Amino acid sequence: MYYANVANNKFALPGRVRIHMEGLKSNPEYAEKICHHLSNVKGVYRITANHYTGNILLFFDEEETDIFSLERMIHDARHISVNHKNCGITEPVQDISTRDDVKSGIQKVILCGSILAGIMVKQLFVGRSPLAVDEGIFTVAAVATLVTSFPVLRKGVDRIQRNGLLNCDLLLSILGFTCIVLRESTLGLFIITMGYLSEIVVSYMDEHSKKMIQELLIHRSGYVYKLEDQKRIKITYQDIRRGDRILFESGQFIPIDGEVVKGSGALNHAVLTGESSPHYVYTGEPIYSGTTLEDGQIEVRVSETGDTTEYRKILKLVESAWKEKLDFEHTVDRYYHKMMPYTIIASLAGFVFTRDPMMLLSVLLVACPKPAYGATPMALRAAIMNAYAHGIYIKRPKSIESMSKVDKIIFDKTGTLTMGKPQVRDIIRIGENREEKVLAVAGSCERENRHPVAMALKEEAEKRGIPLLDVAALDYQMGKGIKGKMDEKEVLVGSKEMMLAHQVRVSDFKAKEKKLKQSGQSPVYVVYDKAIIGLIGIQDVLREDAFSALEEIRGLRSIDIEVISGDEKEIVNQIGLEIGADFYRGNMLPEDKNQRVETLRELGKVVAMVGDGINDCPALSRADVGIAISNGDNHEAAAGSDMVVVNGNLHSIPSMMDLSKYTMENIYQNHTLSIGLNVVGIVLALTNTIGPFGASLYKDLHSFIIMFNGMRPLRYKMNYLDR
């Protein structure tokens, strides 16, 4: 075996190279780009990009590529954007470095633990010698302490350079070196060993808490049958293309979006919506990737693959939320930074009175619960995972804090509070015309139209058994209605504006139109042979869960509920009165909705906006918490929101408000508990109740208590969804 120090920034062995890259240190985004850019390079089979050290470790096949080509590709990665095209999304790069750090920590614990065990065995059989006299033990322990504490010191120095805050990494390494100076190197070795051990336990807890997320992010691969010329062709997921006709059978994971063209089956939507009960699909219905066919056999025409599928878009939300640096983490760092001077003063005071350097070490140790730094991020991540399990995807973790303080919640009407599927409610016939004729004319004109109102008219005609007739010379006028010829007579179906445009007299029907609007219906005029034969009232009915969800929101705390919409004001007024809203307004453009949110925020309100369409995007982005109700195809609204309710259940909103409040209470509880344990530990150290060894154990016990408490939001019951 040989090695070559290729350059000052590279160190190579056969099939292995470590490269130090400028710009990588403290730049996790660049690290991710490097890993993604090189992950598909032929011959590269393992990459670790560590943004803490600025080093890249590559394992590669020398027959397939070389060091200089790899280095060039690493440089190129700086200018690309990450795109997981046609491949399963794997674990984030941060998880890779974390796993390597844990492995390194285990190795250090084994090394230190072995040396400590050896010292204990020697003292057990030979006798307890003063360390100052026993140079052998002192030297071994001192060298082990120096070697193992150096990475901790480097990390501590790096953090103080980045944010100027005194931190536990730096303090622990200083304590280890101090023990060597005091000729208590065994104590120093014990302190560093326990520090690594506590980090390993905490990292294991964090990895365990990510289990569900990693299940989502795992690379999915497998085989399916492509149907072509009545033949079955076995292909991989990666070979599926748009337009392909794919056969899925019971138990298979579905990696694409498409439409069922033959067969039926029961789908498990738990990954997408959190709903465990099966969802039955039949010919002509859409299916989405990320689901599993539990029972049945279906043939699907592929519409989307790779990054454009519903499943992959959701995974991107998950991954981005998990990687986001949490604002509260900086707050915790500043809190401990402010506490450090008081702790140092207390330890120095104890030393002045007792002249005992061991007391100084004890006080500093109990005041440095290093893993407790991660308690706040862990609580937030636990809440995020709990929400994921119930079909609620949190894109921005900081929105959890805002959600706990919301005192004004605004709902868009159509598709959010209502079904977004209009229905025929009332038919007002004019003169001798029968309701069946009015509906027959309207449904026949809309026979080929897919507009929601047209669908409502056709469904009502079908329900009543009214046959639809042929209509000639159809002319659809966007936003107004449709005209055509039936039995050589001109027919019109549409709004009042369309009637006026065709010189149809509507003034005699103002009262009837007003009656429909006051009851929350949109009037559709029906004209046959230039005469109005009737008005049809179209109403988008409230969702079944609207009333109960709003009552649950009111039951949580004093919250004002508003309804705003682009629909006519009479219709919005009716909905507002029906649900008991505190404020409601119609005829609102997207900029009007945005201005309403901005006005409330200027008044000091914490505002949540709930919507489902692209016209809600400005208001969703402006609100303290933007919540998108997903129906599978409204990705524009999801893009501008902080939370995406993919289960489509309005009960998710009070559930998230409840979970957010619990999570923030848990975080504040952790802070209070940590302060209390710090004070108790300092008192125990100052009174010589515990020495340095006891203080080190106390420090780790303190940390574990805080961390375990921080995981409680993961198990919190989502009351309004779980019942």
Side-chain angles (χ1 to χ4, degrees), residues 317 321 387 391-418 420 540 542-543 545-546 549-550 552-554 556-567 569 572 575-576 579-631 634-661 720:
L317 298 183
I392 306 165
Y393 291 81
I394 299 173
K395 295 170 59 180
R396 299 179 183 93
K398 62 184 178 183
S399 63
I400 292 176
E401 182 179 9
S402 299
M403 193 69 168
S404 69
K405 300 176 181 178
V406 165
D407 51 18
K408 192 74 99 167
I409 184 164
I410 303 174
F411 287 90
D412 171 56
K413 183 187 77 70
T414 307
T416 303
L417 284 177
T418 61
D540 191 3
L542 278 169
R543 296 166 53 125
D545 55 355
L550 294 176
E552 289 161 1
I553 290 171
R554 292 188 179 99
L556 287 172
R557 56 182 182 272
S558 178
I559 297 177
D560 291 338
I561 295 175
E562 298 191 1
V563 180
I564 58 178
S565 176
D567 288 350
K569 64 179 182 179
V572 178
I575 293 290
I579 66 171
D582 300 284
F583 175 92
Y584 40 87
R585 182 172 294 171
N587 296 323
M588 296 190 77
L589 299 172
E591 53 265 33
D592 298 325
K593 296 179 180 180
N594 184 52
Q595 184 58 49
R596 178 61 184 170
V597 171
E598 184 63 29
T599 299
L600 291 172
R601 293 188 68 192
E602 288 175 355
L603 293 173
K605 301 294 184 181
V606 181
V607 182
M609 172 71 195
V610 187
D612 76 315
I614 190 171
N615 62 323
D616 299 318
C617 281
L620 288 170
S621 300
R622 180 69 65 179
D624 294 286
V625 186
I627 306 170
I629 304 294
S630 176
N631 56 24
N634 54 343
H635 303 298
E636 296 86 359
S641 63
D642 300 297
M643 300 180 183
V644 184
V645 180
V646 295
N647 62 32
N649 192 335
L650 285 180
H651 292 288
S652 299
I653 297 171
S655 294
M656 270 311 304
M657 297 176 76
D658 191 28
L659 176 62
S660 297
K661 181 182 177 183
Y720 305 110

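Just so it is clear, the structure is predicted and the values come from calculations on it, not from any experiment. If you read the sequence from its start, that first residue is 1, and numbering goes on from there.
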Please list, chain by chain and in numerical order, all residues satisfying salt bridge (Lys or Arg N to Asp or Glu O under 4.0 Å) with [X], sequence neighbours excluded.
X: K593; result: D412, D616
X: E598; result: R622
X: D560; result: K408
X: D545; result: R543

Among all residues two or more places apart in sequence or in another chain, which pass the side chain to side chain contact (heavy atoms under 4.5 Å, CB included) test with L556?
P654, M657, D658, Y720

Under the side chain to side chain contact (heavy atoms under 4.5 Å, CB included) test, residues paired with T418 that sit two or more places apart:
K413, T414, D540, L542, I575

Partners passing side-chain hydrogen bond (donor to acceptor under 3.5 Å, both in side chains) against [X] (at least two apart in sequence or in another chain):
X: R557; value: none
X: S652; value: N647
X: Q595; value: T599

State whether the side chain of [X] and the backbone N or O of [Y] hold a donor-acceptor pair below 3.5 Å, judged by distance alone.
X: R396; Y: S641; result: yes
X: D592; Y: L589; result: yes
X: D582; Y: E562; result: no

Give the minimum heavy-atom separation between E401 and K405, together with the two atoms involved.
OE2-NZ, 3.4 Å

